[in-house]
Amino acid sequence: MISYAECSARERLALLLDAGSFHEWLPPSERVTSPHLAQLGVPCAFDDGAAVGRAMLDSRSVFVAAQEGAFMGGGVGEVHGAKLVGLLQRALRDRPAAVLLLAESGGVRLHEANAGLIAVSEVMRALLDVRATGIPVIVLIGGANGCFGGMGIVARCADHIVMSDVGRLAMSGPEVIEASHGVDEFDSRDRALVWRTTGGKHRWLTGDCDALVEDDVAAFRAAAIAAIDGSKPLTLAALEQEHLLLTERLHALPSTGTTDSDEATLLWTALGIPDAQRVPELSVDAVRALRTV
């Protein structure tokens, strides 16, 4: 077993895809870097924290992008976002079997502010354009930085989300919530709380991801292969069903008398999960068997 969380972006590409099949576009040797970071005295990366290209997965042609969490937490800036958009737009022309996004990001880079926000909106538009043609977009989440901010929204726009039990997915990251509303609202140092409310087990039980896997590159590869032929049509009925699910979840908890420490457990109980307080200690196989939505 090789830990997905402990791999770099390029190690994940090498291990997840068919051996030697990854062909990178705009590799580090091209030195396409952010035009903003140098002006602020911030070190840049020659690939701007994103590797994009084409490859084979189980002998099927795929386009793939991997975010490097070790560079600025996988934050999206102008060039980083443009590489993702370019990959998706090229998919419209070349029509691969699927597009894979190995997401690891804390969101938009504050250093690039509006440029990063615009980039994320362009990624969302391009992703939905790809989905509309029937090409499935598969997001893999299992890196140490999780998938937050704008990339959290991007992930939920995809056809399929695969998460490990150590992966995390949300709109606002724990540190952002704490900085905005105080430690009493959300204690980002409480690791048990963070994983109960944003982790892979929670997302699986609430229906926010499509596959829950072990922290293992081989498990991610198998889940990605299984999702290649699973395009989900973008329909009004599907959106209405998603809104209904969110509404039911909103009203599942009591409006008063809950705290951060017990909200996740109460929600799991409301969803019909037996012995909900035991979920964090259960194995991935055991949690998979509990899903009711």
Side-chain angles (χ1 to χ4, degrees), residues 1-7 12 15-17 57-58 62 98 100-104 136-148 151-152 154-171 174 191-232 238 241-242 244-246 248-250 252-253 261-293:
M1 179 181 293
I2 300 175
S3 169
Y4 185 94
E6 295 178 3
C7 287
R12 290 168 188 158
L15 296 168
L16 185 82
L17 304 165
L57 179 64
D58 196 33
V62 296
L100 273 60
L101 174 55
L102 283 55
E104 183 176 0
V137 179
I138 305 163
V139 177
L140 311 183
I141 302 173
N145 291 283
C147 183
F148 294 105
M151 289 307 301
V154 169
R156 290 294 286 133
C157 289
D159 291 90
H160 294 276
I161 296 177
V162 179
M163 291 186 70
S164 67
D165 60 328
V166 301
R168 290 172 294 152
L169 169 65
M171 172 54 197
R191 292 174 60 84
L193 170 63
V194 170
W195 260 266
R196 278 201 307 276
T197 52
T198 67
K201 290 178 178 178
H202 175 67
R203 293 304 176 197
W204 168 256
L205 292 175
T206 57
D208 294 323
C209 73
D210 303 281
L212 178 67
V213 300
E214 298 280 1
D215 176 31
D216 176 26
V217 176
F220 273 98
R221 173 181 164 88
I225 291 172
I228 283 184
D229 293 316
S231 174
K232 296 179 181 178
Q241 180 60 36
E242 183 75 11
L244 178 61
L245 174 67
L246 293 173
E248 291 174 348
R249 188 184 307 170
L250 179 64
L253 286 174
S261 61
D262 61 16
E263 276 191 353
T265 303
L266 288 173
L267 178 58
W268 299 335
T269 300
L271 293 174
I273 305 301
D275 296 325
Q277 69 278 1
R278 294 187 58 242
V279 166
E281 65 190 56
L282 295 177
S283 68
V284 168
D285 284 341
V287 172
R288 277 200 292 254
L290 294 175
R291 180 147 152 181
T292 61
V293 294

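The basis for the numbers below is simple: all heavy atoms, side chains too, and nothing from hydrogens, waters or symmetry mates.
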**Student:** With a 4.5 Å heavy-atom cut-off, do Val154 and Met151 have their side chains touching?
**Tutor:** yes
**Student:** Using 0.5 Å steps for rounding, measure from the CG atom of Leu169 to the OG1 atom of Thr197.
**Tutor:** 11.5 Å
**Student:** Could you go step by step and tell me if Lys201 and Trp268 meet the side-chain contact (heavy atoms from CB on, under 4.5 Å) rule?
**Tutor:** CA-CA 11 Å; Lys201 290 178 178 178; Trp268 299 335; 5.8 Å; no
**Student:** Determine whether a donor-acceptor pair (N or O, by modelled atom type, separation under 3.5 Å) exists between the side chain of Gln277 and the backbone of Thr265.
**Tutor:** no
**Student:** Side chains of Trp204 and Met163: closer than 4.5 Å at any heavy-atom pair?
**Tutor:** no
**Student:** Is the closest side-chain heavy-atom distance between Leu16 and Leu100 below 4.5 Å?
**Tutor:** yes
**Student:** Tell me the closest heavy-atom pair linking Ile161 and Arg156, and the distance in Å.
**Tutor:** CD1-CD, 3.7 Å
**Student:** Which heavy atom in Trp195 sits nearest to a heavy atom in Val166, and how many Å separate them?
**Tutor:** NE1-O, 3.1 Å
**Student:** Distance check, rounded to the nearest 0.5 Å: Asp275 atom CG versus Leu290 atom CG?
**Tutor:** 9.0 Å
**Student:** Do Ile228 and Asp58 pass the side-chain contact (heavy atoms from CB on, under 4.5 Å) test, and can you show the C-alpha distance, the side-chain angles, and the key distance before you say yes or no?
**Tutor:** CA-CA 10 Å; Ile228 283 184; Asp58 196 33; 5.5 Å; no
**Student:** Okay, side chain of Asp216, backbone of Ser3: is any donor-acceptor separation there less than 3.5 Å?
**Tutor:** no
**Student:** With no hydrogens and no angle check, is any side-chain donor or acceptor of Asp159 less than 3.5 Å from a backbone partner on Lys232?
**Tutor:** yes
**Student:** Rounded to the nearest 0.5 Å, what's the gap from CG on Leu101 to SG on Cys147? Could you check?
**Tutor:** 7.5 Å
**Student:** I'd like to know if the side chain of Thr206 pairs up with that of Asp208 as donor and acceptor (distance under 3.5 Å, no hydrogens or angles considered).
**Tutor:** yes
**Student:** Closest approach of Ile138 and Ala98, non-hydrogen atoms and distance?
**Tutor:** CD1-CB, 4.1 Å
**Student:** Nearest 0.5 angstrom please: Arg168 CZ to His202 NE2, how far?
**Tutor:** 13.5 Å
**Student:** Would you name the heavy atoms of Ala211 and Ala223 that are closest together and state the gap between them?
**Tutor:** CB-CB, 4.4 Å
**Student:** Give the minimum heavy-atom separation between Arg221 and Leu17, together with the two atoms involved.
**Tutor:** NH1-C, 3.5 Å
**Student:** To check you understand the geometry: which heavy-atom pair defines the closest contact between Ala276 and Pro280, and what is its length?
**Tutor:** O-CD, 4.2 Å
**Student:** Is the NZ or CZ atom of Arg12 both under 6.0 Å from the centre of the six-membered ring of Tyr4 and within 45° of that ring's axis?
**Tutor:** yes
**Student:** Under 4.5 Å between any side-chain heavy atoms of Leu205 and Leu212, yes or no?
**Tutor:** no
**Student:** So how far is it from Leu57 CG to Ile225 CD1, rounded to the nearest 0.5 Å?
**Tutor:** 4.5 Å
**Student:** Got a second to check how far Gln241's CD is from Leu246's CG, nearest 0.5 Å?
**Tutor:** 10.0 Å
